[in-house]
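To start, the structure itself, in structure tokens.
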Amino acid sequence: MTEKVDPIPIKTDFIRKIVNEDLKTGHFNGVVHTRFPPEPNGYLHIGHLKAISTDFSIAEDYGGQCNLRFDDTNPIKEETEFVEAIMDDIHWLGYDWEDRLFYASDYFPQLYEWAVQLIKDGKAYVDDLSAAEIREYRGTLTEPGKNSPYRDRSIEENLDLFERMRQGEFPDGARVLRAKIDMASPNIVMRDPVMYRILHTPHHRTGSEWPIYPMYDWAHGQSDSIEGITYSLCSLEFKNNRELYDWFLDQLGIHHPRQIEFGRLNVTHTLTSKRKLRRLVEDGWVNGWDDPRMPTIRGMRRRGYTPAALRNFMDMTGVAKANSLVDFAMLEFAVREDLNRHTPRAMAVLRPLPLTITNYPDDQVEWFDVPNYPQDKSNPEMRQVPFSKRIYIEQNDFMEDAPRKFFRLAPGREVRLLGAYYVTCTDVVKDDAGNVVELLCTYDPESKGGRSPDGRKVKGTIHWVSAAHAVPAELRQYGVLFSKPNPEEVDEEGQDFLSNLNPNSLEILPDAMLEPALAEVEVGAPFQFMRQGYYVKDPDSTPEHPVFNLTVTLRDGWAKARKK
RNA sequence: UGGGGUGUCGCCAAGUGGUAAGGCAGCGGACUUUGAAUCCGCCAUCCCAGGUUCAAAUCCUGGCACCCCAGCCA
């Protein structure tokens with residue numbers, strides 16, 4: 001008999017094909033070295049995750065390495081706080097750059113030398129045009145630009161001016177260093193791109209040492225080259241920049257990595273624009289960068305998403321040359337799939353309805369052994385759950401006028417209390433307004449453990465918590481942040497993405513009741529509240545006031561059936 | 001109206017001349033002390049129009065749609 005072997009998933013994305021081809025031809029002598037180059041100006045979000053997983057996993061798959069390099073060439077926007085947060089998030093995801101932590105700012109001296117070299121080669125010049133003039137001279141999408149009047153300065157003058165820029169002699173914006181390429185290029189990136197701007201702003205790492213800072217295009221490729229990167233993977237919008245990336249490297253005649261662009265990942269009902277995420281935080285639409293509704297790594301961590309789920313989601317969505325808008329349901333699937341395997345079960349009643357078992361002894365308490373991992377036969381771990389005369393059940397597990405297909409509690413109907421007894425509803429207690437405030441039931445002592453000796457079938461099984469032992473808790477029920485799949489799509493002119501904010505993205509359940517085993521679990525501990533969803537204990541919890549976040553609900557087959 | 005890129009099921013995504021993988025969602029059904037999980041089954045002719053070929057999603061021609069580029073941002 002042949003054994004069934006799980007096929008090794010072979011990824012066939014276009015990047016790996018290029019790598020395979022290089023391996024065959026020996027283009028980079030078999031070296032696969034990538035880098036993840038975040039700018040430390042904000043928190044990582046789900047869009048970055050695609051880049052992180054692509055950069056790290058390709059290196060991993062080929063036995064290569066991936067560096068972490070902070071692209072810190074703009075001191076106005078960048079802060080050390082973000083450097084720390086980004087490193088923390090990447091490690092949490094399970095990726096490691098080992099001792100290869102770099103900063104583009106490490107290369108400022110080298111970059112400066114290379115700039116001098118280009119000037120000497122007549123390939124770069126100092127331009128005195130103002131920012132507005134440069135824009136004007138650049139031309140438009142359909143018209144070529146024109147040469148700056150300063151384009152043909154002598155090498156000596158350029159050298160002198162550039163040196164003085166570096167010495168801090170000129171104010172911000174007075175001059176720039178530009179590459180001398182082609183003002184008529186159909187690719188606007190090639191119309192004498194700016195290499196350095198004057199910025200008398202202290203840098204988070206180099207302090208006040210540099211009054212000039214390199215632009216992305218000038219810094220990035222050279223940084224890749226210095227680090228011996230072979231594959232410089234980036235997103236689609238840098239496609240046009242590749243021509244310049246190649247040009248600089250060719251002029252310098254240094255190690256030339258291969259830039260490959262791939263499509264960005266977007267998820268429905270969410271946003272990844274840093275500007276807009278900042279707005280949500282700063283204007284108080286959410287409670288900070290780690291709000292569980294935020295698509296930031298920090299938010300998803302607090303929400304209870306796991307590294308395994310997120311990484312698997314990346315594999316599910318793939319890498320391709322087109323930007324994508326993936327259904328939020330796919331993310332939820334990945335989260336459930338991982339959580340289902342490893343998460344212990346427990347009982348919690350979200351919206352309690354008191355139920356009294358009239359024929360159960362008044363002061364009796366029974367402790368039932370209930371499996372923590374019923375989904376995993378190989379893990380027999382049990383816990384004890386107290387049962388008594390007065391319990392809470394879920395409000396929506398009872399219906400006074402129940403349709404035939406409703407398998408839960410209704411007047412005269414019998415259900416199984418998970419792990420305990422069969423119970424039959426005999427009476428309904430209402431308040432003056434007619435609301436159901438309590439259920440009276442009888443139990444079948446023969447059905448202890450949830451099985452009856454006569455073998456009669458009970459279709460419904462519901463969860464419960466003993467009232468005397470219940471631990472009150474706050475539950476935070478999270479839904480999608482935006483009502484529309486694409487938050488940018490507004491109904492009326494003049495509106496913006498904020499008009500699509502889901503008013504029900506957070507619902508607080510202040511009076512949930514937990515089984516006692518949940519009383520003192522650690523913050524961050526995940527549980528499946530049976531028949532409801534996966535929850536994780538929130539850092540806002542105090543010993544007197546536990547708080548749990550809804551990570552993701554369970555699929556709800558009843559919700560579907562009910563619609564018919 | 002310039003240049004670059006992309007168009008395969010509702011959403012991702014394989015396929016690169018030989019007769020459309022897989023996943024998500026959806027829809028049936030089995031099983032069930034979670035209406036969960038699990039398990040079975042169903043679910044596309046490839047943006048359009050011509051052409052080449054015995055044969056095209058794959059090649060050619062011409063359209064169309066969408067995305068990116070005119071920061072001294074990255």
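Computation of the quantities below employed the complete heavy-atom set of this structure, encompassing side-chain atoms and omitting hydrogens, waters and symmetry-equivalent molecules. Below, chain A is the first sequence line, B the second, and so on; all start at residue 1.
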Note to self: Using a 4.0 Å heavy-atom cut-off to protein, can you give one letter per nucleotide of nucleotides 1-11 of chain B, 5' to 3': B if the base is in contact, S if only the sugar-phosphate is, - if neither?
What the structure shows: -BBSSS----B
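Taking CG of A:L44 as the start and OG1 of A:T296 as the end, the distance is 9.5 Å to the nearest 0.5 Å. Between A:Y216 atom OH and A:Y245 atom OH the span is 8.0 Å, to the nearest 0.5 Å.
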Collect all protein-nucleotide pairs involving nucleotides 72-74 of chain B in which both atoms are nitrogen or oxygen and the distance is under 3.5 Å.
residue: B:C72; atom: OP1; partner: A:R138; partner atom: NH2; Å: 3.1
residue: B:C72; atom: OP2; partner: A:R138; partner atom: NH1; Å: 3.0
residue: B:C72; atom: N3; partner: A:G173; partner atom: O; Å: 3.2
residue: B:C72; atom: N4; partner: A:L129; partner atom: O; Å: 2.9
residue: B:C72; atom: N4; partner: A:A131; partner atom: N; Å: 2.9
residue: B:C72; atom: N4; partner: A:G173; partner atom: O; Å: 3.1
residue: B:C73; atom: OP2; partner: A:R197; partner atom: NE; Å: 3.0
residue: B:C73; atom: OP2; partner: A:R197; partner atom: NH2; Å: 3.0
residue: B:C73; atom: O3'; partner: A:R197; partner atom: NH2; Å: 3.1
residue: B:C73; atom: O2'; partner: A:N74; partner atom: ND2; Å: 3.1
residue: B:C73; atom: O2'; partner: A:K77; partner atom: NZ; Å: 2.9
residue: B:A74; atom: OP1; partner: A:T73; partner atom: OG1; Å: 2.6
residue: B:A74; atom: OP1; partner: A:R197; partner atom: NH1; Å: 3.4
residue: B:A74; atom: OP1; partner: A:R197; partner atom: NH2; Å: 3.0
residue: B:A74; atom: OP2; partner: A:Y216; partner atom: N; Å: 2.9
residue: B:A74; atom: O3'; partner: A:D71; partner atom: OD2; Å: 3.3

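For B:C48 and B:C12, the C1' atoms lie 24 Å apart once the distance is rounded to whole Å.
When heavy atoms are screened at a 4.0 angstrom cut-off, A:F407 is found touching base atoms of the nucleic acid. Residue contacts shown for A:F313 are absent, as no nucleic acid heavy atom lies under 4.0 Å away. Looking at heavy-atom distances under 4.0 Å, A:R451 makes contact with a base. Nucleic acid contact for A:V267: none, since no nucleic acid atom lies under 4.0 Å from a heavy atom of the residue. Backbone-only contact: A:G557 has heavy atoms under 4.0 Å from sugar-phosphate atoms and none from a base. Looking at heavy-atom distances under 4.0 Å, A:Q528 makes contact with a base. Across all strands shown, A:R416 has heavy atoms under 4.0 Å from base atoms, whether or not it also approaches the sugar-phosphate. Across all strands shown, A:R178 has no heavy atoms under 4.0 Å from either base or sugar-phosphate atoms. Across all strands shown, A:K17 has heavy atoms under 4.0 Å from base atoms, whether or not it also approaches the sugar-phosphate.
Distance A:L331 CG to B:G23 P: 19 Å, rounded to the nearest Å. Per the geometry, CD belonging to A:E332 stands 13 Å off P belonging to B:A37, to the nearest Å. The distance between atom CD of A:E337 and atom P of B:G22, rounded to the nearest whole Å, is 17 Å.
Outside the 6.0 Å centre-distance limit, the rings of A:F238 and A:H220 are not counted as a close aromatic pair.
Base pairing of B:C72: no nucleotide in any strand meets the Watson-Crick or G-U wobble criterion (both distances under 3.5 Å). Under the Watson-Crick and G-U wobble criteria, each requiring two contacts below 3.5 Å, nucleotide B:G18 is paired to B:C54.
Residue-to-nucleotide contacts include no donor-acceptor pair under 3.5 Å from the side chain of A:Q375 to the base of B:U38. At a cut-off of 3.5 angstrom, the base of B:G35 holds no donor-acceptor pair with the side chain of A:R555.
Within the cation-pi definition used here (under 6.0 Å to the ring centroid, within 45° of the axis), A:K448 does not qualify as a partner of A:Y421. Under the 6.0 Å distance and 45° angle rule, A:K321 does not count as a cation-pi partner of A:F262.
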